[in-house]
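Take a look at the structure below.
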Amino acid sequence: MVGETKNGQQMWGGRFAAEPSEIIQSINSSIDTDRRMAFEDILGSRAHADMLAEQGIISETDNRAIQDGLDQVTEEIRAGTFPFRRSLEDIHMNIEARLVELIGDPASRLHTARSRNDQVVTGFRLWTRRALDSAASGLRQLQRVLVEVADRESDTVMPGFTHLQVAQPITLGHHMLAYVEMFERDSGRLLAAASRLNESPLGACALAGTGFPIDRDATSEALGFDRPMANSLDAVSARDFALESLAGLSICLTHLSRLAEEIVLWSSAQFGFVQLTDAWSTGSSIMPQKRNPDAAELIRAKASLVTSQFIALQGSMKALPLAYAKDLQEDKRLTFEAFDTFELCVKATSGMVETMAFDRDVLRRSAAAGFSTATDLADYLVRELDMPFREAHHVTGRLVALAEAGGHDLPDLSVEQMQSVEPRLTEDVFSVLTVEASVRSRQSFGGTSPLRVVEQIEQWKIRLNMVPK
Ligand code: ARG
């Protein structure tokens, strides 16, 4: 921090005689965080100054000087030469102070009919709007990666689990598409939050509006908002747009974490379903044989960090009387960090999924274990022998017990052994006991059959712009 300013030069220093304590400066300053929305602040100031000039509140000459000065500030920030000063608290006062240094008098007119309360939340809404958009496009990229894996593995048979016990055979393509569906809802939530937040608080001023003849429609339009917010108290104190964004990120990270957990399980020696590439594994400092799925584990942990950021913001808002209070300054750190974490987790997931090598033999063998086609056998009894399902369930249970007692799987029973439980059974029954037949048969809409999976893949490719229309 260069050129620390003394209290007399603080923007609000007029009524103060003594210097602020160092501690209050540290607790009050947000510049280390909110410097990330410098460009959004400048956009807001440009729109505000243009409007003030248009309305005859400041002169056209002053507006020109302000706009040119903001060009210079932009340049300095880009070049890394802008003097960020902690004593000036936040990005708004840093930029305004620098503008005064650069262009003098006209800069002091910029804050007419504006308060930091509407200024900060204008910049913050602009920042969050863009962040939501880029979070949603990161998710689209991940969806494309998942669809590509699904395409390669549309008929790869793997075990489907309930209670983490083998339940029924499924296809790996189907499993991947389950996440594509989740991420579609997630990006829908983020985009809905972006469209709901798109109202302009600028012109609400400190809390009550202003006596100057401002044009809030003009600034709203210039900043790409749909309309000015209709209540100035709400405009400066609402942060539900940030809460909603954090909730959306947190829900999506819950899904990313489930996938991460599956990657952790699948890449273990006990499962052996998948191997992560070297680029996505880490070693152990003591055990030379180890390949650890650290990225997946960290995604699991980071998911709850973002949830805690949602809870932290919700906690600081729920008992806040209208309108602005400084508690709200903590909103940006929580939000910025949550978006950073989110972006990292989405990228890491895309990278891992894109490069994972599935072991189809292991998947198939594991799909066949644990009597996974027992339901197919029960369905067969219903279909071919017209047995009521409950009875078929019972008969199949006895066949499973018989196989288990002999230490083998259902398809290893002889037809005679089967007939000892249900005399009407013939050789034909074996046709439904393979895992391939099992997945092929599940052709109900949304089911795991490769036929249905391929249909879904084709639709996703269109929706995700993966094929020329
Ligand atoms: N840095 C402040 C924030 O992030 C800007 C608003 C300050 N307003 C005030 N009345 N002190 O919330």
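We're numbering straight along the sequence, starting at 1. All ligand and atom numbering here is 1-based and tracks the order in the structure. No experiment lies behind these values; they were computed from the predicted model shown.
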Looking only at protein heavy atoms, identify the closest one to [atom] and say how far it is in Å.
{"atom": "atom 6 (C) of ligand 1", "answer": "Y324 OH, 3.4 Å"}
{"atom": "atom 11 (N) of ligand 1", "answer": "R116 NH2, 3.5 Å"}
{"atom": "atom 8 (N) of ligand 1", "answer": "N117 OD1, 2.9 Å"}

Hey, which atoms in ligand 1 end up nearer than 4.0 Å to a heavy atom of [X]?
{"X": "K332", "answer": "3 (C), 4 (O), 12 (O)"}
{"X": "D90", "answer": "1 (N), 2 (C), 5 (C)"}
{"X": "S30", "answer": "1 (N)"}
{"X": "Q329", "answer": "1 (N), 2 (C), 3 (C), 4 (O), 12 (O)"}

Between [Y] and [X], does any NZ, NE, NH1 or NH2 come within less than 4.0 Å of an OD or OE carboxylate oxygen?
{"X": "D278", "Y": "R291", "answer": "yes"}
{"X": "K302", "Y": "E343", "answer": "no"}
{"X": "R463", "Y": "E458", "answer": "no"}

On a heavy-atom basis, which atom in H48 and which in A113 lie closest, and how many Å separate them?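 Here H48 and A113 meet closest at CE1-O, 3.3 Å.
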Partners of D133 by side chain to side chain contact (heavy atoms under 4.5 Å, CB included), sequence neighbours excluded?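 If we apply the side chain to side chain contact (heavy atoms under 4.5 Å, CB included) test to D133, skipping adjacent residues, the hits are L191.
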